[in-house]
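The figures here come from the full heavy-atom set of this structure, side chains too, leaving out hydrogens, waters and symmetry mates. Order of appearance sets the numbers: ligands from 1, and atoms from 1 within every ligand.
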Amino acid sequence: MRLDKLLADMQIGTRKEIKQYIRQGHVTVDKSSQVSPNQQVDPNIQAICCFGKELHYQKYVYYMFYKPQNCVTARQDALHKTVMDYLPESRKALSPVGRLDLDTEGLLIITNDGMLSHNLLSPAKHVSKIYEARIDGPLRTEDIKAFRLGLDIGDNTLTSPAELTVLEHGDSSYVRVAITEGRYHQIKRMFAAIGRQVLFLKRTAMGSLVLDDTLLPGEYRELTTEELSRLKQDEG
Ligand code: URA
């Protein structure tokens, strides 16, 4: 790959800054600073250093992103900010794993590892997704049962068993829902099927990965090695 692309992927700086660092001799390949931005390098066999520090190139990156409301899970949108507006510019090949509605907030995994993404979303793998939601009225034991048995949300098949837990009772209810599918507007349609409306929706977990409660909406961080290896077991 090109040296400047590798450095940009590793978020060393903007393309302009990277060119400057190279020109000023701050970047070396196998100890030589006679390098150019468009030079082909292989990070697996060459020692690439920047400001004297060896770089360990990662082909794949994995981010946990706290998607805020009013942000579209797409690469481009004419009206709203997209998830990509919050992420490092240099990683153009990044994609979100699955989608959240414009008004839904919470956990989105963002990666350039297409295989992991495909496996986490595959219906055959039954990877769980956990949501918290505010619902516009009280919920009954029958509703919990109906979620467990499967609901007719207007598709050809009933929804797979879902676990509904009421966390707060009252004029409105606060709930946790665990599902193993990812149908379009699934949570909202499940509540609509029992005559209720979702007022607020947040995804808190996907498989073993739980949204870090120190992240604020719009913030992201890389997955830890343990989080990633557990996630890979989920999709295995
Ligand atoms: N279910 C929904 O209805 N919306 C989402 O964003 C995610 C799950």
Side-chain angles (χ1 to χ4, degrees), residues 63-77 79-87 94-111 116-137 139 143-144 146-167 172-213 215-220 231 234-235:
Y63 295 114
M64 168 189 295
F65 174 56
Y66 186 160
K67 177 197 165 305
Q69 293 178 10
N70 297 315
C71 160
V72 184
T73 315
R75 302 188 70 83
Q76 277 185 327
D77 189 84
L79 291 179
H80 301 95
K81 275 193 151 188
T82 75
V83 293
M84 294 306 155
D85 291 326
Y86 292 87
L87 290 155
L94 289 175
S95 299
V97 178
R99 284 172 173 274
L100 292 176
D101 296 339
L102 182 68
D103 58 354
T104 301
E105 61 180 61
L107 175 65
L108 258 187
I109 300 166
I110 314 258
T111 182
L116 179 96
S117 178
H118 175 268
N119 286 338
L120 288 175
L121 295 175
S122 161
K125 307 274 183 183
H126 306 293
V127 173
S128 73
K129 287 125 204 145
I130 299 180
Y131 293 87
E132 288 182 7
R134 172 122 348 240
I135 308 302
D136 71 341
L139 294 164
D143 298 324
I144 297 173
F147 268 60
R148 205 171 287 148
L149 292 175
L151 290 161
D152 180 355
I153 60 169
D155 294 341
N156 293 333
T157 53
L158 296 183
T159 53
S160 296
E163 201 57 45
L164 170 62
T165 311
V166 182
L167 304 172
S172 69
S173 314
Y174 199 71
V175 301
R176 182 185 307 120
V177 191
I179 59 175
T180 55
E181 302 169 292
R183 302 192 203 183
Y184 184 62
H185 293 329
Q186 180 159 348
I187 299 286
K188 291 173 186 164
R189 288 162 71 207
M190 288 172 87
F191 282 100
I194 58 161
R196 288 278 168 238
Q197 202 191 335
V198 173
L199 306 174
F200 165 83
L201 188 58
K202 172 179 177 178
R203 181 155 69 196
T204 58
M206 189 159 181
S208 57
L209 188 67
V210 177
L211 180 64
D212 183 334
D213 61 11
L215 285 182
L216 294 172
E219 291 184 339
Y220 67 90
L231 205 55
D234 295 339
E235 51 113 357

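Below 4.0 Å from some heavy atom of Tyr131 lie the following atoms of ligand 1, by number and element: 7 (C), 8 (C). Taking every heavy atom of Gln186 and a limit of under 4.0 angstrom, the matching atoms of ligand 1 come to 1 (N), 2 (C), 3 (O).
An N or O contact shorter than 3.5 Å links His185 to ligand 1 by distance. Below 3.5 Å of separation, one finds an N or O of Thr104 facing an N or O of ligand 1. Below 3.5 Å of separation, one finds an N or O of Ile187 facing an N or O of ligand 1.
Ion pairing of Arg196 with Asp143 is absent here, as no side-chain N (NZ or NE/NH1/NH2) approaches a carboxylate O to less than 4.0 Å.
Judged by distance alone, with hydrogens and angles left aside, the side-chain atoms of Ser173 form a donor-acceptor pair with the main-chain N or O of Gly137 at under 3.5 Å. Judged by distance alone, with hydrogens and angles left aside, the side-chain atoms of Arg75 form a donor-acceptor pair with the main-chain N or O of Leu94 at under 3.5 Å.
In this structure, Phe147 has its ring center under 6.0 Å from that of Phe191.
Other residues, nucleotides and ligands contribute more than 12 heavy atoms inside 6.0 Å of the CZ atom of Arg183.
Heavy atoms of Leu201 found under 4.0 angstrom from ligand 1 belong exclusively to the side chain.
When hydrogens are left out, the protein atom nearest atom 4 (N) of ligand 1 is Asp101 OD2, 2.7 Å; that is the closest non-hydrogen contact.
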Legend entry - CA sep, side-chain torsions, deciding dist, call: Asp234, Ser208, side chain to side chain donor-acceptor pair (under 3.5 Å): CA-CA 7 Å; Asp234 295 339; Ser208 57; 2.8 Å; yes
